[in-house]
Amino acid sequence: MRQLPDAVLWDMDGTLVDTEPYWMAAETAVVSRHGGTWTQEQGLQLVGNDLITSARIIQEQTGIGGAPEDLVEEILAGVVARVRENGAPWRPGALELLGELRSAGVPCALVTMSYESFAGAVVEAAPAGTFQAVVTGDQVRHGKPHPEAYLTAAERLGVDVTRCVAIEDSTVGVTAALASGARTIAVPLMVEVAAQDTLSRLRSLEGADVDLLARILDGERVDELATAGRSGR
């Protein structure tokens, strides 16, 4: 019988919840208030980045002045307001897999470059006890693609990161998760994630279960997005 992961480490935006449209709407509104323009194509550049990096990119491309930290807080307030007004838009299959992991006794951590104020709103929208640890972008020195956030999550849970499965939606996040040593699954949403020898890729979390995660932890590479074949070693 295959062993289950010691923990599952979840990215949030685009992986667990489809909040990228909230971010893009908030970015567009804030840039407009400052007299600039912002397109969806520009917004796609920011997927997976830490918020300060994203703010600096916005400033470079729009000419908005001021401290990037202030721009982050302004955009973040807009996103949090949308979550509280409209609810957390869970990605298909996410809540089901979270529930199965909880029933199996596998702890979960939220590992996001969003700040604690926003992550807290999503955690509150999840069933009680879903996450045993939360690591946010304002709690680490180095944002993704650096592995610090994933290493921190494993440390807080008291588990070996190489015995964990990480779930991501972006190249930036996948880079961080792989660098930490976690077995990594990409479930792309807004941007493509290229195939890699040690990376599993799924079309959706629908149908994903603890057996699949155990197989991937054991070294199996599952690639539903490959043009030839669906899985391999």
Report yes or no: do [X] and [Y] belong to one cluster of Ile/Leu/Val/Met/Phe/Trp/Tyr joined by side chain heavy-atom distances under 4.5 Å?
{"X": "L9", "Y": "L189", "value": "no"}
{"X": "V72", "Y": "I75", "value": "yes"}
{"X": "L76", "Y": "W38", "value": "yes"}
{"X": "L157", "Y": "V134", "value": "no"}
{"X": "V172", "Y": "L151", "value": "no"}

Point-to-point distance, once rounded to the nearest 0.5 Å, from [atom1] of [X] to [atom2] of [Y]:
{"X": "S200", "Y": "R183", "atom1": "OG", "atom2": "CZ", "answer": "8.5 Å"}
{"X": "R2", "Y": "E220", "atom1": "CZ", "atom2": "CD", "answer": "6.0 Å"}
{"X": "Q196", "Y": "T175", "atom1": "CD", "atom2": "OG1", "answer": "6.5 Å"}
{"X": "L97", "Y": "W10", "atom1": "CG", "atom2": "CH2", "answer": "4.0 Å"}
{"X": "E155", "Y": "D160", "atom1": "CD", "atom2": "CG", "answer": "12.5 Å"}
{"X": "T198", "Y": "I216", "atom1": "OG1", "atom2": "CD1", "answer": "11.5 Å"}

Salt-bridge contact D223-R201 (side-chain N to carboxylate O under 4.0 Å):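 Counted as a salt bridge, because a side-chain N and a carboxylate O are separated by less than 4.0 Å.
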Charged N-O contact under 4.0 Å between R91 and D169: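 No, this pair does not count.
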Evaluation steps, side chain to side chain contact (heavy atoms under 4.5 Å, CB included), between V122 and W90: CA-CA 9 Å; V122 174; W90 302 102; 4.1 Å; yes
Side-chain heavy atoms of [X] within contact of [Y], under 4.5 Å:
{"X": "L213", "Y": "L217", "answer": "no"}
{"X": "Y150", "Y": "V135", "answer": "no"}
{"X": "T62", "Y": "H34", "answer": "no"}
{"X": "Y115", "Y": "L51", "answer": "yes"}
{"X": "P127", "Y": "L98", "answer": "no"}
{"X": "D50", "Y": "K144", "answer": "no"}
{"X": "R141", "Y": "H146", "answer": "no"}
{"X": "T112", "Y": "D13", "answer": "yes"}

For the residue pair [X] and [Y], what are the closest heavy atoms and their distance?
{"X": "P147", "Y": "S180", "answer": "CB-N, 3.6 Å"}
{"X": "R156", "Y": "A133", "answer": "CB-CB, 4.2 Å"}
{"X": "A55", "Y": "L71", "answer": "O-CD2, 3.7 Å"}
{"X": "V140", "Y": "A149", "answer": "CG1-CA, 4.0 Å"}
{"X": "V159", "Y": "C164", "answer": "CG2-SG, 3.5 Å"}
{"X": "G129", "Y": "R102", "answer": "O-NE, 4.1 Å"}

Do I167 and V187 pass the side chain to side chain contact (heavy atoms under 4.5 Å, CB included) test, and can you show the C-alpha distance, the side-chain angles, and the key distance before you say yes or no? CA-CA 7 Å; I167 306 178; V187 191; 4.0 Å; yes
Verify the distance criterion only: is there a donor paired with an acceptor across the side chains of Q42 and E27 at less than 3.5 Å?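 Not at all, the side chains of Q42 and E27 share no donor-acceptor pair under 3.5 Å.
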Quick one: do the T53 and N49 side chains pair a donor with an acceptor below 3.5 Å?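 Per modelled atom types, T53 and N49 side chains form no pair under 3.5 Å.
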Q45, CD atom: more than 12 neighbouring heavy atoms under 6.0 Å: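 Yes.
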I'd like to know whether CD of E69 has more than 12 heavy-atom contacts from other residues, nucleotides or ligands below 6.0 angstrom.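 Yes.
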N/O donor-acceptor pair under 3.5 Å between [X] side chain and [Y] backbone:
{"X": "R203", "Y": "E224", "result": "yes"}
{"X": "D138", "Y": "E116", "result": "yes"}
{"X": "T19", "Y": "Y22", "result": "no"}
{"X": "E148", "Y": "H142", "result": "yes"}

Verify side chain to side chain contact (heavy atoms under 4.5 Å, CB included) between V210 and L101, making sure each step is shown before the conclusion. CA-CA 7 Å; V210 293; L101 289 166; 3.7 Å; yes
